[in-house]
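Heavy-atom basis, side chains included; hydrogens, waters and symmetry copies ignored.
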Amino acid sequence: MTSLDSLLVPRMLGYDSLALYAAALVPIQAFNILGRAGKYVWVPEFGRSERVRFKLLGSALFFVTLGLVLVVFVGAKPILHILYGGKYDHGVTLLRVLAFVGAGRLFYGLSSSLIVGRLKKAALYYHLRINITAMIVYIITLYFMLKEFGVMGAALALLIVTTLRMSLS
């Protein structure tokens, strides 16, 4: 979904805003790496195991995610300053919002792994409909949020859609 940002942000706000947004997305890749790694483990595990340890995994994921969010939230300014030598220090709030997006993606990854790895075809079709609907909602939300809130609108639109996907899964 963040690829859509790179299409709309420069067109509506300019390349400086896209650079700020991209700079804030870099530290958030830690969430994406963990989420991707989790899916490679969770999907096969849920598919072959009769005993799903979803609550235990959810609890462990909560504490790991909480720790990551706290690190990013508290250390947002130093993180951006170290990575970019002070050029994007004004992206602290953006980075903090994106930390919550990363957290939502981790939880969405766990629930979608259960759907893909364990449940029947009907659930897979439901999951596909969730993702298609989320993309449509994201395009519309992104457009209006960019107009209203600038580059912060891109992060807020992503947070809204990630929350929607996580809730529906």
Side-chain angles (χ1 to χ4, degrees), residues 1-6 9 18-84 88-89 91-119 123-124 126-128 130-135 137-138 141-142 145 151-169:
M1 279 196 262
T2 54
S3 299
L4 288 172
D5 300 341
S6 61
V9 170
L18 179 61
L20 175 63
Y21 191 71
L25 280 173
V26 168
I28 299 307
Q29 293 308 310
F31 290 95
N32 293 339
I33 291 166
L34 283 174
R36 180 69 61 185
K39 280 191 87 70
Y40 284 122
V41 173
W42 294 329
V43 170
E45 176 66 20
F46 289 149
R48 72 173 161 252
S49 176
E50 291 298 318
R51 205 178 62 134
V52 177
R53 298 180 309 264
F54 191 75
K55 287 182 182 180
L56 178 64
L57 284 171
S59 296
L61 184 63
F62 172 79
F63 289 111
V64 168
T65 303
L66 180 63
L68 276 172
V69 167
L70 287 175
V71 165
V72 172
F73 202 84
V74 171
K77 188 166 187 161
I79 289 169
L80 289 174
H81 191 77
I82 290 168
L83 287 174
Y84 305 109
Y88 296 110
D89 285 358
V92 168
T93 305
L94 186 63
L95 178 56
R96 288 177 175 158
V97 171
L98 290 171
F100 289 106
V101 171
R105 283 184 174 168
L106 284 175
F107 283 103
Y108 168 74
L110 180 61
S111 60
S112 72
S113 295
L114 179 65
I115 292 168
V116 172
R118 185 93 173 130
L119 302 180
L124 294 176
Y126 175 73
H127 187 62
L128 178 62
I130 288 172
N131 286 306
I132 291 170
T133 302
M135 289 303 295
V137 168
Y138 184 59
T141 306
L142 179 62
M145 295 296 274
V151 72
M152 183 60 79
L156 293 172
L158 198 54
L159 181 61
I160 290 167
V161 171
T162 300
T163 303
L164 176 71
R165 288 174 75 197
M166 185 179 66
S167 300
L168 292 174
S169 286

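Thr163 contributes atom OG1, which lies 11.0 Å from atom CZ of Arg105 (distance to the nearest 0.5 angstrom). Atom OG1 of Thr65 is separated from atom CG of Leu61 by 4.0 Å, given to the nearest 0.5 angstrom. Note that NZ of Lys77 and OG1 of Thr93 are 10.5 Å apart. Values are rounded to the nearest 0.5 Å. Rounding to the nearest 0.5 Å gives a distance of 11.5 Å between CG of Asp89 and CD1 of Ile79. In this structure, CG on Leu68 lies 14.5 Å from CZ on Phe73, to the nearest 0.5 angstrom. Distance check: Leu110 CG to Met166 CE gives 11.5 Å after rounding to the nearest 0.5 Å.
When all heavy atoms of Ala155 and Leu98 are compared, the pair lying nearest together is CB-CD2, 3.9 Å. Closest approach of Ala23 and Tyr88 over heavy atoms only: CB-CD1, 3.6 Å. Shown here for Leu80 and Ala24, the closest heavy-atom pair between the two residues is CD2-CA, 4.4 Å. Minimum interatomic distance between Gly153 and Met145 (heavy atoms only, all atoms of both residues): O-CB, 3.3 Å. For the residue pair Val92 and Ala76, the shortest heavy atom distance occurs at CG1-CB, 3.7 Å. Between Val69 and Ala99, the closest heavy-atom pair is CG2-O, 3.9 Å.
When atom types are taken as modelled, the side chain of Tyr21 and the backbone of Leu94 share no donor-acceptor pair closer than 3.5 angstrom. A donor-acceptor contact shorter than 3.5 Å links the side chain of Ser111 to the backbone of Tyr108.
Put simply, the side chain of Asn32 does not reach to within 4.5 Å of the side chain of Arg36, judged on heavy atoms.
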